[in-house]
Amino acid sequence: MKKSKKGLLKKFAYLLTASTALFFLVSGFAPAASGKVVKADTTIATVSVDSFSTIYESLDLDSLGLSREAFLYATRGYAELKSRGTITNTDILSIVDFSLPSAQKRLFIMNMRTGKLLFNTYVSHGKNSGEGVATRFSNDQNSFASSLGFYITGKTYKGEHGYSLRLEGLEKGINDNALSRGIVVHAANYVNEKMAMQRGMIGRSLGCPAVPVKLHRPIIQQIKEGSCLFLYGPDSSYLTHSMMGKGFRV
C-alpha cells in the first residue's frame, strides 16, 4: 500500500509540473530564477527547453512517433506567434510530422490550455513530395508538393472536396503561396488506415494536408479560424531559410 501511494504521489507531481509548464506557455509568462513570475519577452527566450520537454513527455508523444525536434520547433513557433498576436485561437496547436511515413498517424492536434491530445491520425502529403515519405517540398504554383512551415488556419467553406478549411502560409518564400495554390485541409477517401495497412502508404494529394473522411469535420471545427498549424520535415533548406527556425534552433 505504501509503495502504491508513493507511486501515485510521484505521478501527481509529474502531472503538476507538466500542467504548470503548459500554463506558462499559454499565458505568456515564464518563471524567473527567483521563483517569481515575470512576463516573457516576445522572443520567448525565457521559455525553457525543459518546459516544452515536460509537455512532450506528459502527453507521451514519443511513443506515438512525434519527433522531439518537430515538437520543439512547433511549440516555440506557436509561442512566438502567440506573443505577436498572429494567432487568435490560442488553445490549439496542430503538428504534421513529415519525418514519419504516411502509413503512420503523423497529425497531432493538441489543446495547449488543457494539455490534452485531441487527435492523432493520418494526413496526406503532396504527390510530388514523394511516395511513402515526404522528402521534397515546394511553394510553387502547380508543384503538387507540400510546403513546410507555420500556417494560420482561416475560414471554412464548401468546395470540391466538401467541407474544407483555408490555410494561410506565414513564411515568405516557403509557404506564403498556400492561399493562391488552394492548399487547404479537406477530407479524402484515400487517407485511411486500411490503405495504410495494405499498401504501406496512404494516397497523396496535390499538396493539401488531407485527413480521413470520418474525422475531417471534427478536426476542422476544432482548428478553424486562427489556430497554429506547423508542417515539419527534417529539411535542411527549410531549417536554414525559415525566419521562424532561426529564432529557436533546437
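- For the pair Ile202 and Tyr190, the tightest heavy-atom approach, listed with the atom from each and the gap, is CB-O, 3.5 Å.
- Nearest heavy-atom pair, Ile109 versus Ser94, reported as atom, atom and distance to 0.1 Å: CG1-OG, 3.6 Å.
- Scanning all heavy atoms of the two residues, the minimum distance from Thr153 to Glu225 falls at OG1-N, 3.3 Å.
- More than 12 heavy atoms of other residues, nucleotides or ligands lie within 6.0 Å of CD in Gln141, so this atom counts as buried by the packing criterion.
- Side-chain contact check for Ser143 and Arg181: at least one donor-acceptor pair (N or O, by modelled atom type) lies under 3.5 Å.
- Asn177 and Asp140 share no donor-acceptor pair across their side chains, judged by distance under 3.5 Å alone.
- Looking at Asn175, its side chain does come within 3.5 Å of a backbone N or O of Leu170 through a donor-acceptor pair.
- Nearest heavy-atom pair across Leu61 and Met110 is CD1-SD, 4.0 Å.
- Here the closest heavy-atom approach between residue Ile183 and residue Cys208 is recorded as CA-SG, 3.8 Å.
- Between Tyr238 and Phe230, the ring planes are tilted. Angles from 30° to 60° get that label.
- With hydrogens and angles ignored, the 3.5 Å screen pairs no side-chain donor or acceptor of Thr156 with any backbone N or O of Ser164.
- None of His216, Gln221, Lys158, His186 except one satisfies the side chain to side chain donor-acceptor pair (under 3.5 Å) rule with Tyr163; the exception is Gln221.
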